[in-house]
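Worksheet: the structure to be examined is printed underneath.
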Amino acid sequence: MDMKGFQQYKEQSINTMTQGELLLLLYDELYKRLAQGELMLDQQNYETYEAALERAVAIIEYLDATLDRQYPISRNLAQLYEYFTYELGRAKIGRRKEVLSHVKTMVGELRDAFRQAQKSGDSGK
């Protein structure tokens, strides 16, 4: 399969995903960027470390922008996203692995909760 065909396949896959699947994909990518940031910090590759954290923040900002604010849980998530963004700023500037690890753990737990909710919703069909 050539690159154009692969790109079309990827776009079609994304276009046919449910909202829950897309949300999990975003959380997986966010978690991956945070893990990459930890690894790059350990390797003292600060340029890639900062790029990973910037991408993570962009994902968080997207998640926040797409919240349906009519639900109380959305307000709670918005506050959590604000906290993540603040903490990642601290982690980036101070190159603080413990701050980054804490956010990564919280993101992982939130991702797992959404994954469980997705499974519960699917089994109810």
Side-chain angles (χ1 to χ4, degrees):
M1 181 181 293
D2 62 14
M3 283 305 288
K4 186 176 182 181
F6 177 72
Q7 187 63 31
Q8 288 173 333
Y9 169 77
K10 209 165 92 173
E11 287 176 15
Q12 182 179 356
S13 295
I14 290 173
N15 290 336
T16 59
M17 287 181 161
T18 66
Q19 286 183 332
E21 290 169 334
L22 285 170
L23 181 65
L24 289 174
L25 184 68
L26 284 168
Y27 271 102
D28 286 342
E29 183 65 20
L30 174 57
Y31 189 85
K32 182 176 98 176
R33 295 300 175 148
L34 297 174
Q36 179 187 33
E38 279 184 324
L39 182 62
M40 292 300 103
L41 186 58
D42 287 342
Q43 295 177 3
Q44 297 182 352
N45 182 339
Y46 301 122
E47 186 176 325
T48 306
Y49 166 74
E50 291 176 5
L53 266 58
E54 287 169 9
R55 184 66 182 130
V57 168
I59 293 168
I60 293 166
E61 288 172 347
Y62 177 80
L63 288 167
D64 183 59
T66 58
L67 286 173
D68 186 345
R69 306 232 186 242
Q70 70 176 325
Y71 301 104
I73 187 72
S74 295
R75 288 188 283 281
N76 295 338
L77 284 169
Q79 290 174 335
L80 195 55
Y81 294 155
E82 184 179 335
Y83 172 75
F84 289 163
T85 301
Y86 173 78
E87 289 295 289
L88 290 177
R90 287 181 55 220
K92 181 181 169 190
I93 291 169
R95 296 182 179 156
R96 299 182 58 191
K97 186 174 179 180
E98 70 279 356
V99 174
L100 176 55
S101 295
H102 178 68
V103 171
K104 187 182 95 175
T105 298
M106 292 178 71
V107 165
E109 291 170 356
L110 193 55
R111 176 191 62 178
D112 293 345
F114 278 117
R115 182 168 283 122
Q116 189 60 42
Q118 177 78 11
K119 284 180 186 176
S120 296
D122 288 346
S123 66
K125 290 181 179 178

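For clarity, every value in this text was computed on a predicted model and none was experimentally measured.
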Applying side-chain contact (heavy atoms from CB on, under 4.5 Å) to Q43 and not counting sequence neighbours gives L39, M40
E61: which residues meet the side-chain contact (heavy atoms from CB on, under 4.5 Å) condition with it, sequence neighbours left out? V57
Name all residues meeting the salt bridge (Lys or Arg N to Asp or Glu O under 4.0 Å) criterion together with E98; count only those two or more places apart in sequence or in a different chain, and write none if there are none. R96
Value rounded to 0.5 Å, distance of CE in M106 from NZ in K104: 14.0 Å
CG (L80) and OG1 (T85) are apart, to the nearest 0.5 Å, by 9.5 Å
In a table with atom names and distances, give each donor-acceptor pair under 3.5 Å that connects a side chain of residues 22-36 to protein atoms at least two apart or in another chain.
unit_1: Y27; atom_1: OH; unit_2: Y81; atom_2: OH; d: 2.5
unit_1: D28; atom_1: OD1; unit_2: R115; atom_2: NH2; d: 3.0
unit_1: D28; atom_1: OD2; unit_2: R115; atom_2: NH2; d: 3.3
unit_1: E29; atom_1: OE1; unit_2: K32; atom_2: NZ; d: 3.3
unit_1: E29; atom_1: OE2; unit_2: R33; atom_2: NE; d: 2.7
unit_1: E29; atom_1: OE2; unit_2: R33; atom_2: NH2; d: 3.1

Contact list for residues 49-59, test salt bridge (charged side-chain N to carboxylate O under 4.0 Å, His left out), sequence neighbours left out: E50-R95, E54-K92
Donor-acceptor pairs under 3.5 Å, side chain of residues 66-78 to any protein atom, not counting sequence neighbours: which ones?
unit_1: T66; atom_1: OG1; unit_2: Y62; atom_2: O; d: 3.1
unit_1: T66; atom_1: OG1; unit_2: L63; atom_2: O; d: 3.1
unit_1: D68; atom_1: OD1; unit_2: Q70; atom_2: N; d: 3.3
unit_1: D68; atom_1: OD2; unit_2: Q70; atom_2: NE2; d: 3.0
unit_1: R69; atom_1: NH2; unit_2: D64; atom_2: O; d: 3.0
unit_1: R69; atom_1: NH2; unit_2: D64; atom_2: OD1; d: 3.1
unit_1: R69; atom_1: NH2; unit_2: D64; atom_2: OD2; d: 3.3
unit_1: S74; atom_1: OG; unit_2: D68; atom_2: O; d: 2.5
unit_1: R75; atom_1: NH1; unit_2: R69; atom_2: O; d: 3.2

Could you tell me whether E38 and K97 have a side-chain N and a carboxylate O separated by less than 4.0 Å? no
More than 12 heavy atoms from other groups under 6.0 Å of OH on Y46: yes
Does I60 belong to the same Ile/Leu/Val/Met/Phe/Trp/Tyr cluster as Y83, with side-chain heavy atoms less than 4.5 Å apart forming each link? yes
Do V99 and L110 land in one hydrophobic cluster if side-chain heavy atoms of ILVMFWY residues count as linked below 4.5 Å? no
Within-4.5 Å side-chain heavy-atom neighbours: L100 and E87: no
